[in-house]
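Working notes for the structure below.
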Amino acid sequence: MQIVFASSEAVPYSKTGGLGDVAAALPSALAARGHDVTLVLPYHSLVWPEHRLPHPERSGPFVTADLGERRVTGQLLTSVVPENGVRLVLVDQPAYFARRGLYDGADNCERYAFFSHAVIETCRLLGLNPDVVHANDWQTGLVPALLATGARERVPNLAGTGSVFTIHNIAFQGDFPPEAMPGTGLDGRYFSWEYLEFFGRLNLLKAGVVLANEVTTVSPTYADEIRTERFGHGLDPVLRAKEDRLTGILNGVDLGTWNPTSDPMLDHHYDVDSASEGKAANKRELQTLLGLPVRDDVPLFGMISRMTDQKGFDLIRDASAALLSLDAQFCFLGTGAEEFEQLVRRLAERAPEKVAATVGFDEALAHRIEAGSDAYLMPSSFEPCGLNQMYSQVYGTVPVVHRVGGLADTVVGATEESLADGTATGVVFEHYTADGLLWAVHQTLKLFADRTTWSRLVRNGMTRDFSWAASAAKYETVYERAAAGVAEPAS
Ligand code: ADP
């Protein structure tokens, strides 16, 4: 199949969260399965300078988009990712994308409208004949919309191209005032409730959901949840209307990047058989690095996260006094809400022998925390898929999670039964309250105290298959359905 994958971020060129990991790993897994894959990204030249690109072609074609009153031009930089053969197309438009923060700016609607037009133009200008264009999150929600509203007729090589739209997080919808509509370059008649309009506003995520041939999200449980009022962030009726076209497919782990046997960011490598010594060495190093007392006997909980309510920092705040009273260590890495950045800093000041806080984005430290922690906290209130709980299992770090979304699908809570049958990999709590979290932390301490049980949990996690291959195969099925669905009217 020929697949064009459009994303606003992908490692190593740009990343703010899980989408960046997925947009690198899934195209790579699809290419490994023999598909012809093109990855289209905005070119964030301040994040990833040109001399570090794999042989960029400055001679690439120019793209133009008419966005209301404005005609905007950019250039396509084309190359091939050496490791996996994925064709890489970077849309260079410095006024939009040469920024420190990926999503900084009041002009996000216009920026991503331009990018979405550039994805369509990439297919035309490079003569691609994709079976499917796969768009991701609100930033590329206009891609299926453009295909469904004229691009298939205008660009002959897209006549039979199916569209797939993946929701990585329904909390972020690309919601803009109605005045932004002309800047999308779409006919004003699509500003109506059946299409892009949502309660009087322009909603780019809705555009993707309504107008794509197939919609996916990143775990089976989240696919169920977003059809409910509790998790749908207002879009649950739209998802219910599309439910026969909605599939939940779990993300995988890119074992080229997240692998304790070869991780270049670690000094001590280990596998399942050497996990005990390997993790102990990484733990000592992490404790030293973070200024925590170097102790083997105390459990070290790690957490690497955007600091928001979604990720459970409200529970950490409410449980903090009780957490600090335990004989346990905690290390936090993340950025986000001022309130939570201050919270973790304050905890570290109050109990420097128990808490280390790093406010910032630090890829290397993230890897060291995964390897050096005993347990990993992920008490999210909602979690589309979540990656760190999977990385944790691959690294022999026991995840402690709220039973929601992808966390429910990827962590098997320790019970008498799951410990006996060898499936237990973590600790799972039901109630999203400080008491729920504290119950889980106490459970973890008990399990940690029993070395045999603990090593069993570590081993169970490390031997699970989180590779992308199985998920990539599921995407293939959805792509086939999307391509077949082009003959039918969208929506
Ligand atoms: P989300 O996409 O909702 O933020 P995920 O668990 O799906 O959450 O993915 C988050 C990704 O971003 C993980 O790879 C995680 O390690 C990484 N990450 C988050 N915050 C930081 C940070 N401060 N420093 C380094 N990596 C981070």
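Because the structure is a prediction, the values reported are computed rather than measured. Atoms within each ligand, like the ligands themselves, are counted from 1 in listed order. Scope of the values below: all heavy atoms of this structure, side chains included, with no hydrogens, waters or symmetry mates. Counting begins at 1 with the first residue of the sequence.
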Worked verdict on S8 versus Y103 for side chain to side chain donor-acceptor pair (under 3.5 Å): CA-CA 9 Å; S8 56; Y103 305 119; 2.8 Å; yes

Residues forming a salt bridge (Lys or Arg N to Asp or Glu O under 4.0 Å) with D21, sequence neighbours excluded: K15

Sub-6.0 Å ring centroid separation between Y479 and H35: no

Does ligand 1 have any N/O pairs with the protein under 3.5 Å, and how far apart?
residue  : atom   : partner : partner atom : Å
ligand 1 : 2 (O)  : G18     : N            : 2.6
ligand 1 : 3 (O)  : R306    : NH2          : 2.8
ligand 1 : 3 (O)  : K311    : NZ           : 2.8
ligand 1 : 4 (O)  : R306    : NE           : 2.8
ligand 1 : 6 (O)  : L387    : N            : 3.0
ligand 1 : 8 (O)  : K311    : NZ           : 3.0
ligand 1 : 9 (O)  : G18     : N            : 3.3
ligand 1 : 14 (O) : K15     : NZ           : 2.9
ligand 1 : 14 (O) : D21     : OD2          : 2.8
ligand 1 : 16 (O) : N388    : OD1          : 3.2
ligand 1 : 16 (O) : N388    : ND2          : 3.3
ligand 1 : 23 (N) : G360    : O            : 2.8
ligand 1 : 24 (N) : D362    : N            : 3.0

Residue list, side chain to side chain contact (heavy atoms under 4.5 Å, CB included) with A414, at least two apart or on another chain: L419, A424, L447, L457

Partners passing salt bridge (Lys or Arg N to Asp or Glu O under 4.0 Å) against E353 (at least two apart in sequence or in another chain): none

Between E110 and Y96: side-chain donor-acceptor atoms closer than 3.5 Å: yes

